[in-house]
There are 2 protein chains.
Amino acid sequence: MSTDSSTRLPGAARPLRPAVPEATVARLPVYLRALTAAAEDGVDTLSSDELATAAGVGSAMVRKDLSHLGSYGTRGVGYEVDYLIYQISRELGLTQDWRVLIVGAGNLGHALANYGGFASRGFRVVALLDLDAARVGEHIAGLHVDSVDRLEQVVAEAGVHIGVLALPADAAQATCDRLVAAGVTSVLNFAPCVLEVPAGVMVRKVDLSTELQILAFHQQRRVFQVERHPVAGRSRVPLAEAL
Amino acid sequence: MSTDSSTRLPGAARPLRPAVPEATVARLPVYLRALTAAAEDGVDTLSSDELATAAGVGSAMVRKDLSHLGSYGTRGVGYEVDYLIYQISRELGLTQDWRVLIVGAGNLGHALANYGGFASRGFRVVALLDLDAARVGEHIAGLHVDSVDRLEQVVAEAGVHIGVLALPADAAQATCDRLVAAGVTSVLNFAPCVLEVPAGVMVRKVDLSTELQILAFHQQRRVFQVERHPVAGRSRVPLAEAL
DNA sequence: TCGACTTTGTGCATTCGTTCACAAGTGCCT
DNA sequence: AGGCACTTGTGAACGAATGCACAAAGTCGA
Ligand SMILES: NC(=O)c1ccc[n+]([C@@H]2O[C@H](COP(=O)([O-])OP(=O)(O)OC[C@H]3O[C@@H](n4cnc5c(N)ncnc54)[C@H](O)[C@@H]3O)[C@@H](O)[C@H]2O)c1
Ligand SMILES: NC(=O)c1ccc[n+]([C@@H]2O[C@H](COP(=O)([O-])OP(=O)(O)OC[C@H]3O[C@@H](n4cnc5c(N)ncnc54)[C@H](O)[C@@H]3O)[C@@H](O)[C@H]2O)c1
């Protein structure tokens, strides 16, 4: 998504704020959550230090991240919680409703459809599709499962923005292709496989098994260390925080 | 987990291969999956280029990543699939069985317990705990749900390596503390909150809501672009692949 | 109004990750 | 045996992300 200013059309001589770094984007939701929690506790101002603690990062990083969005703090005071919530929400595009389609109504599809955490941030599950005729018609969380044959119609009729793949890996690529062909440009993939998509389509994957393997790697290494240097064990191992 | 050689104990003058970079570790599971798939197709040798395509990364990166584990390829030929599978598995610690405890037997806990993808890589769910008395005793995927009161005993008796938190955010920190106190040093957190843990404990989080917000951010930006520069739309937007 | 104190925003150094480009091996064919 | 085509492994260039340190800008109390 690099917005290279040299390829801009002549008419649009807009300065266009230098793109927000990807690493920052990934942290904005975390800040947002901390801010929302603070707002609910009646806090109306937070310093970068406090926000940093709540988000589990350094305060310099909070300031740099937020500086990419604009100058929304007040020196000597901190950030006004409500205002910052608004600004981050706007930046992330949470002021609009996003219509989500889930394909695959198995264990995971069920859990996702039942999950309340979606709606709370403007994500609305508009449909749930499955291949299995036995599941079609089933009712989950106010939705009835539709046949995956109707994928294209559903995308068009409901105006789907984001497709979620919760089906077996061997069906993922083909289904992804159908979503893309139908006009979906954002896909969240739970199947353990790599998806190929044309430029302009964004895929993010959530991979359980990978996460466990990363944990296993570090745990193994740690055990190895402890075995080698029994004295240096537990207490001396340096801090290890996750993504 | 930075193994700084200057803090090594005097007795252990072991060269100790320079730690594998975190970014590489995160890709090893992907390579492993591609290799396993290739092996099942009867392929016995892969070049870095082929492996790169299968893993959705560049071939230079594959080579550099693998070079961190050792010199397991053959110039002019490529990598022997079986041998590389073995080496990566060993590096990730998948040659041993990892015992996993899931806390929270709600929607997500159910889905996880039923998930076959765990066992296939040496991760074994040994127990499933919940607070709700109504759920305790329930049978899921060959396990019966136990009371969370018995957390400490279960960890000790079953020799749990990895704790998975699939419970509400407000119970996550306290439960994590109990796991850590009981000796668990690897935690996978699905609750939407930041966990504080002492040094030497590794937490990784899987955050659905964050992923959707990142997708929303990019989608919003893309739509904005298309609106501004209708001619430059769709086809010109540069490739966007996800981590 | 002033001065002490607090906290932001940012230039700079550093560290980490990716990509490039090529020398050094390896297998195959003649 | 020798040359050719291919592919690895890696130094070096590049770029992104992080952390440090401080000037600039604000608040508050006297
Ligand atoms: N369950 C988990 O906790 C979990 C965890 C991580 C990853 N995953 C992955 O998520 C995916 C789904 O997992 P699950 O446990 O829900 O599996 P599941 O078998 O319970 O459900 C898969 C569903 O997809 C449907 N399906 C199959 N092919 C389809 C197609 N072409 N179009 C539409 N629907 C189709 C099936 O009918 C089934 O209902 C899998 O790829 C799995 O590897 C699951
Ligand atoms: N369902 C999803 O698709 C989904 C997706 C992303 C994140 N999450 C997160 O995962 C977590 C679980 O989600 P869910 O949908 O399974 O919720 P859920 O309400 O269905 O299940 C939560 C379970 O945890 C149990 N519980 C509550 N307090 C507990 C405690 N102190 N100790 C042990 N168990 C306790 C409850 O009895 C319940 O069975 C939540 O934090 C949620 O935000 C869920």
Side-chain angles (χ1 to χ4, degrees), chain A residues 1-4 17-28 30-31 35 43-81 83-84 87-88 214 238-243, chain B residues 1-6 17-28 30-31 35 43-81 83-84 87-88 214 238-243:
Chain A
M1 272 344 58
S2 70
T3 312
D4 185 346
R17 204 192 302 120
V20 181
E22 194 58 34
T24 295
V25 174
R27 278 185 298 266
L28 291 180
V30 181
Y31 299 146
L35 287 163
V43 178
D44 48 41
T45 270
L46 277 184
S47 70
S48 62
D49 223 345
E50 295 166 312
L51 185 48
T53 304
V57 300
S59 68
M61 206 149 85
V62 169
R63 289 199 299 278
K64 188 155 297 231
D65 281 342
L66 295 182
S67 78
H68 286 117
L69 313 190
S71 250
Y72 299 137
T74 310
R75 290 163 195 248
V77 179
Y79 300 88
E80 198 201 326
V81 173
Y83 185 53
L84 195 51
Q87 291 296 349
I88 295 181
I214 295 172
L239 176 74
E241 240 304 42
L243 178 156
Chain B
M1 273 335 67
S2 70
T3 312
D4 185 345
S5 59
S6 65
R17 203 191 304 119
V20 181
E22 195 57 35
T24 294
V25 174
R27 278 186 297 265
L28 291 180
V30 181
Y31 299 147
L35 287 163
V43 178
D44 49 40
T45 270
L46 277 184
S47 71
S48 61
D49 222 346
E50 295 167 313
L51 184 48
T53 303
V57 300
S59 68
M61 204 149 82
V62 169
R63 289 199 299 276
K64 185 152 296 240
D65 281 342
L66 295 182
S67 79
H68 286 117
L69 312 190
S71 249
Y72 300 138
T74 310
R75 289 163 196 247
V77 179
Y79 301 89
E80 198 202 325
V81 173
Y83 185 53
L84 194 52
Q87 291 297 348
I88 295 181
I214 295 172
L239 176 76
E241 239 304 40
L243 179 151

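Computation of the quantities below employed the complete heavy-atom set of this structure, encompassing side-chain atoms and omitting hydrogens, waters and symmetry-equivalent molecules. Labels below follow one simple rule: chain letters A, B, ... track the order of the sequence lines, proteins then strands, and each chain is numbered from 1.
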Protein-nucleotide distance (B:Glu50, atom CD; D:dC6, atom C1'), rounded to Å: 12 Å
Along DNA chain D (nearest heavy atom to each residue), the more 5'-positioned of B:Leu66 and A:Thr24: B:Leu66
Interatomic distance where OH belongs to B:Tyr72 and C1' belongs to D:dT10 [whole Å]: 17 Å
Residue A:Arg75, side-chain atoms from C-beta onward, closest of D:dG9, D:dA12, D:dA24: D:dA24
For B:Arg63, all residues meeting salt bridge (Lys or Arg N to Asp or Glu O under 4.0 Å), sequence neighbours excluded: none
Touch class at under 4.0 angstrom, heavy-atom based, for B:Gly58 against every strand present: nothing
Check: B:Glu22 and A:Ile214 side chains under 4.5 Å, non-hydrogen atoms: yes
4.5 Å side-chain heavy-atom contact, A:Leu84 and A:Tyr31: no
Sidechain-backbone polar pair: B:Ser47 side chain, B:Glu50 backbone, donor-acceptor under 3.5 Å: yes
CG-CD distance between A:Leu46 and A:Glu80, expressed to the nearest 0.5 angstrom: 11.0 Å
Residue closer to the 5' end of DNA chain D, A:Ala60 versus B:Gly76 (nearest nucleotide): B:Gly76
Side chains of B:Leu69 and B:Leu28 in contact at under 4.5 Å (non-hydrogen atoms): yes
Whole-Å distance separating the CG atom of B:Asp49 from the C1' atom of D:dT8: 12 Å
Range on DNA chain C touched by chain A, heavy atoms, distance below 4.0 Å: C:dT6 to C:dC12
Touch class at under 4.0 angstrom, heavy-atom based, for A:Gly78 against every strand present: sugar-phosphate
Under 4.0 angstrom between A:Thr74 side-chain N/O and D:dG26 OP1 or OP2: no
A:Arg63 CZ - D:dA25 P separation (whole Å): 16 Å
Pair B:Tyr79 and B:Tyr72, ring centroids less than 6.0 Å apart: no
Of the listed nucleotides D:dG19, D:dG26, D:dA12, the one nearest the side chain of A:Lys64: D:dG19
